[in-house]
Amino acid sequence: MIASSTFRQGSYAAAVAILLALTGVFGKLDERQVVTGAITLSMVLLAIMLCGAGLMTASRVKERGIVAMLFNGILGSLIVGAGLALVMLVENAIDLTFVFAELKTDPITPVLTFGQTLSSGIILLLVLSALAGAISGALLSIPSEARQIILLSLALTASVGLLEAQIKSINTLPDALAVVGVLGTGYLVAINQMQRSSLVRLGLGLGIGAIVGIVLGLIANGGGFGTGSRLLSAPGILSQVIVFALIGGMGSAVAATQRNIHNGTLFVVGFLLSIGVLNWQNSMNWIATLLILIVFATLFWLMPRLTAEASSRFETQPRPERQVNQRFSLLIVLLVMLVAPLFLGQYITSIFDLVGLYIIMGIGLNIAVGYTGLLVLGFVAFFALGAYTVGTLTTPSLLTCGGILPADIARADIPTICTGVMTFWQAWPIAVIVSMLAGVVLGIPVLRLRGDYLAIVTLGFGEIIRLITLSGDFKPIFGGAQGIGNIPVPVVDLTFLNPAWRFELGSAFNIYYLILFGIVITAFVAYRLGSTRLGRAWRAIRADEDVARAMGINLTRAKLLSFAVGAGFAGLGGAIFGSWLQGIFPNSFTVLVSINVLALIIIGGLGSIPGVMLGAVILVGLPEILRELQDYRLLAFGVLLVVVMLARPEGLIPPPVRRLSEQVDSATPQQGKA
Amino acid sequence: MVRRLLVVFVLLLIAALGVTAYAQDAAPSVTVTADGQVVIGLAAALSGEGLAPFGEDIQRGAELALEDRPTVTVGGIEFPVSLDPQDDQCSAEGGQAIANRFVSDASVVAIVGPMCSSACRAAAPILDEAGYSSVSPSCTAPDLSTSEFSSFNRAVVSDAFQGRVAAQFIFDVLGLTSIATIHDGSAYGEGLVNVVTASFEALGGSVVAADAVNVGDTDFRGLLEDIVAAEPELIYFGGFAAEGARLVQQLKNDVDGGEIVFMGADGIKGGEFPGLAGADAEGVYTSSSIPSDANKEAVDALLARYTEKYGIEPTGPFQVNSYDATNMILDAIEAVGVVTDGTLTVDRAALSEYLRSIEGFEGLTGTLNCDGTGECSAADIGIDIYAADGSLSTVAVGSPGDDNSIVVTASEG
Amino acid sequence: MASTASQPATTSGGDGVSLAQRIIKLLRNPLQVAGLVIVIFLVWTIIQNLTGLAAAGRPLSVERIIRVIIFGLAQGSIYALIALGYTLVYGILSMINFAHSEVFMSGAYIGFFAIHWAEQSGLLYSNTALALLITVTVGMAAAVTIAVLLERIAYRPLRGAPRLVPLITAIGASIALQQIFLRLFGSATRVYPEVNFYVLPQLFRLECETIDGAEICKGMDLINGRYDVQLLGMELQLRPIFFVVFFLAVLMMAILWYIVRRTKIGKAMRAVAEDRKTASLMGINVDRVIVSTFILGAALAGAAGVLFALYNTQVSPFMGFTPGIKAFTAAVIGGIGNIPGAMFGGLFLGVTESLAPTLLGMSSQLEDVIVFGLLILVLIFRPTGIFGEVLSEKKA
Amino acid sequence: MSLLEVHDIHTFYGKIHALKGISIKVEQGQIVTLIGSNGAGKSTTLNTICGITPAAEGKILLDGQDITRVPAHQIVTRGVIQSPEGRKIFMRLTVRENLEMGAFTRNDKAEIARDMDFVFTRLPRLKERIWQLGGTLSGGEQQMLAIGRALMARPRILLLDEPSMGLAPLLVEEIFNIIKGINEQGVTILLVEQNALMALEIANQGYVLQSGEVKLADDADKLLDNDEVRKLYLGEV
């Protein structure tokens, strides 16, 4: 009945839970509410701990039937609950606060006893543990699809609860309903008209969207929605018609696309609806929570069914039709990316900006590490060089003021003396070139080294650059610890077209497009380079240097180019970073940045561009969103690195095995194996 | 291919234009319903190496302020106040992220923080654009108040003033003419040392050696040998407790520097430094803005409450500044808030204007007068000396005199 | 792994090549010429500085230089002890155990609780030797526990995965360990108590007091004492702790050397390092040998942590990072995988780091620039480190 | 009961099905040889027996005891010793240390010393080089060291993988003489060889492997006479 694994797994889980409890995590997260007035983040954490243990232990006895699962699940959760109870007893018996300092301010007992006395609190905790175990056991015995739906929708609902304040005002319920309604109508019409060509379907979608737009616009103008809707209170009926026509068209276009687009659209729909609900209720109360949970559950239930149908529709189309649809899909993705900031709000957009910067760097580092197999641990150096180049060139500095220290120039004279000051557009190519040159200069002495020697030297180089920018000896150029301030933001000046069109790309919204464009360019260049002769040479070097040399590849040249291109991308990232922050400080360029970039390309899947993107979202975006967890973010980051690597050593999206690399392999001469 | 890229570029441009046209103006005011809360954001380094304890001080200072004043009363109605603390990691990126986060939360009325000057500088343009106001308890970089940010205010004395007082104290009160400087490579430490160097040389003293250390390094003995060889009478240190304590210890125990006076600023003031340096802390000078005599008791009471509530001594001095900053914001809300039908409306522009023109605010750090550039600190800088048991006693007070001059008076006894 | 044995026909120059030929060969490589130019420039700068300082009336006294070298040797000994751990693990698994710096930190940090307990209970004063022994043992035990857990959880499941994968788990584990310590034990820096450890009262008649007419001496204080010493006609003020650290480090390295060269487990380590599969055919339990390697390295790092904390007093969860990076650099300079190399590299780095800013007239902020510059310079002339075998280039 | 019985083992390298049901019997005191072309699965068979690449299916019995799931280092203690292909001696250990490695699982110092003497009488060339590093030996000496090292474990059954590979003909002869001598001392030998002719000449039993399967199994002298074997593996036209 009781599996021996239950005790082992249970005590592992209990050990982790106790360790976390001793960090005072329950006290710290107790103030943060996920569901207003009811569920705090520490309760969520407790539930995760208890159910996690229950799921772990119950899954070990899966083949023995539901009773065994329930029993072992309860036992597993109880072990964790008992462990936590034990900690509370110890906490009350002896003073732990000298060793476990955080318990001083965040003791465990008040939180885990739920305001009861110690004894009744412990009983309550144990009862809850048993309950959690039973739930876990029961969860495991229902079909796996249902289980996934439940767990995923719970997780997404919790994250909406966490970000409540930041996303609440993104869109209103009427907006969400209108958008989803039009999208759905376009979709359904397209499915009904599957036999027609995709262009006709698209036209139908556009038309229906336009009609709805007119109707809604009329109602809105008549005051039908009050002030509740942002989209519908937009000026002029025409813009509403255009917007809704596009949405309807999108719905019809999605109808026959591949799985990913479908899933993505469904996610967007889900988030729109749940934010709408949240906005309507104005806080994450029970009603909002339940509704959002239902929205997500429905979504996850629909997802496999709809996508299965959609892919079959996609497959059955004739070839040219399919191509048209693929183009549509790409266009949709691009369109969504383009209008995303409108819906995401400033905070989420700024996170996207940061993720984007890391994607640019990741694509660059991927060329050195993923394509060529050069382990670079000091990538931040090139990032810093890009930022500092733009910083010095776009502000009054020794370089731009003809060798005179700006501090020695009277404020009024600065414009006349510092004539060398450039705009961002003039400076960024120089930043890229400087970074590339630095790549070459560093590359020449160290590329003879292999593997880990290269790693430590590049790590050292990263530190050298940071320390030089920091040091007093170079203060006149780099500003020392004070960094470079007041860097102008990039300006798009189209006043010759329209006097109002002068755009300062300073806000999170505007810089988003600059970064997006940077990503498009770097991804494009990296992708194309991958399939050139040079790209093949890189992959050959990665596979086996000696063989590559035997095949006549100029190792030094190929490696240097790989280094230089990667460095150039980092320089571009740095250039954008500098002008985005409008100030540069040496402390932004620590080794942690290098580690972050390296980790994200490896977690994403070495050598794969989609992998870089996913990795950046996970390693950069997630910690930003979880700023709530404050101190635990870095801990979670570290644990995540270990866990992902243990679970998927090849990364989350490994690159497809290219025919090119197969060619390299088959071209490997026999002596290579000997 | 190039054509496709061009298409993408044009699309991007169009979208950017669209977004700019569509992007909503920041709400010019905050509304709090009768059952709602007034949310004050707080940005400080709450994680990371070395500086997190200072950030916690700041957070706790604000918490204590709210404990004393859990509600704001406007038009006879009390609205509860809550704090939204976020981690700014003491970095530019962190400051920027926090600023973006706060401005996309329409319920945040104003912000205590950020903690470090780099974060303040990165956050200010974003807060400016959104019309938010911030009061930093610890951003001391001199140029923050001269950069024409509309959102930036500070309830802490600028390094420019503190450094000048320190220089004058060394020259006039201690009567020393040759010093050496060391900073820790932080914007704070370097900035402070720059001011001290300039002021000290202007007074006629000489800086015989200048060096810097890296945060996290432990062995400063070689550096100290060099400095001692230059025979300064005093070493001025710009930085925080960990490096300061190491420097003092190694100066006194490992190199022949026993006679050299060691002086730092508010970075090494508080409970942490004597804890780290042990007996070697004796005779070390620090400086920080100090309460007027009238407030001394209140400050001591606050520190006692801090210790009682959190079980540890405060690490540095900034919890007092944070306490003041919070109260300034609450005052401002009460002053400019308008209640209609039980709903509180705070106009952001009015709030900002009020904060910038505060006169005679009786804070724990002294009487705060805001000069319209965001400079709101109390005027006096106190210089203290550590005793063997780690306690502090004030030896001199620096206050602004006429004509941008500074008067440093040695305390009796 | 560890071997300084000569490889036939792999190293250039050894057999009968004249000095002139070797120089010509050196000059043929433009990179090495550039390196040589840099070296000459550095030497020139140093001489300039020495004479320049002398001209400015601030001569660099020999006493000062000797003292700085002694400081450097102590710091270098700590680096060396940590570097040995990197080198052992690298030798056997060909991976950078990035989390080793946290193993060092955990030794110092957990050791704090032991010494704090000893201080509270008075043992530290009544029986200092025992208290210190307990502290070191606790520190080593903590470090070993952490290292064994690391190996078991983060590295063993990935044996056979691509090389970068365990590197990432190592980095992740390093961050996670730092954060766990930070969160468990709080962000406040902990401080080791001041310890006075008096030895040999008969030999060192220091700090004597006369009680009832009889002179009673405490002896030499090994940890906190500071004494004037006459050395080669110079008057030097020295703390014995620096020599204690140095000699303990040398002693521990000697023990390690003995273990690796002479004992059965040591030979098994070398066998596993060379060929894991064949070693298992000999009946060697490869996993166990790898764990023993981690244990050995961790024990050294733990001891280094406690020693380090005894004279630098502050311990914090982040204290491992900088020494860790430096120690790894030292291991690479010495030739990674090589035990005497790690030892030499550590000492060399320690001395350079404390002496170079003075000699080159640079700010000590740029100390690490010198360290890493030195690394690049060394690798230009010897791509596998000073003691590294040319053979290992193939493996790296 | 045979000393070693291999029943229908299947082994995979990732997705590659390397052994597709191999069965072998080795009687006490015999020399049994596995012959076959490159990639036929000969070395894999040995590695599977030793536990280095464990079998996915099938059974391996030693003295009737199942050793299929026993880890590699424990199989050694049961007397199954492999001398791996390509003379995998430890290049950076001395000859003496190499031999000591062979006796790693044993703790009886006196016996080990005696065995070392025995190895030196069998392979006198090693004795001259006792303090040299393994990497400095010539190819033939390395092979001798590999065999000597295996003997140090006191094998009940010695698995030899390609002992003649890469050696000059004269040396091959010498190695085969040594193998025969060892066998005469009572050590059972399972020999994998490319040099089928010589292997079959000294063996009692022979198995012909092809693409992971046993194609022929017979007495060694009968295999020598088998036409197909002669044509395919003995190089006769």
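Order of the sequence lines sets the chain letters (A, B, ...), proteins ahead of strands, with each chain counted from 1. The basis for the numbers below is simple: all heavy atoms, side chains too, and nothing from hydrogens, waters or symmetry mates.
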Residue part contacting chain A, namely of [X], when any heavy atom lies under 4.5 Å:
{"X": "B/Asn214", "result": "side chain"}
{"X": "B/Glu93", "result": "both"}
{"X": "B/Ala97", "result": "both"}
{"X": "B/Asn194", "result": "side chain"}

Under-4.0 Å salt bridge between A/Arg466 and A/Glu463: yes

Chain B contact via A/Tyr512 - which portion, at a heavy-atom distance below 4.5 Å: neither

Which answer fits A/Ile584, side chain, backbone, both or neither, if we ask what part of it has an atom under 4.5 Å from a heavy atom of chain B? neither

Will you find, in the side chains of B/Tyr306 and B/Asp57, an N or O donor that is under 3.5 Å from an N or O acceptor? yes

Residue selection (most heavy-atom pairs with chain B, distance under 4.5 Å) from A/Glu164, A/Met337, A/Lys475, A/Gln582: A/Lys475

Aromatic ring centroids of B/Phe102 and B/Tyr132 under 6.0 Å? no

Exactly one of A/Val355, A/Ile351, A/Leu357 clears side-chain contact (heavy atoms from CB on, under 4.5 Å) with A/Val620, and that residue is A/Val355

Which label fits A/Phe577 and A/Trp580: parallel for a plane angle under 30°, tilted from 30 to 60°, or perpendicular past 60°? perpendicular

Would you say the SG of B/Cys139 sits less than 2.5 Å from the SG of B/Cys116? no

Look at B/Ala210, B/Ser186, B/Gly185, B/Gly189 and state which one has the largest set of heavy-atom pairs under 4.5 Å with chain A. B/Gly185

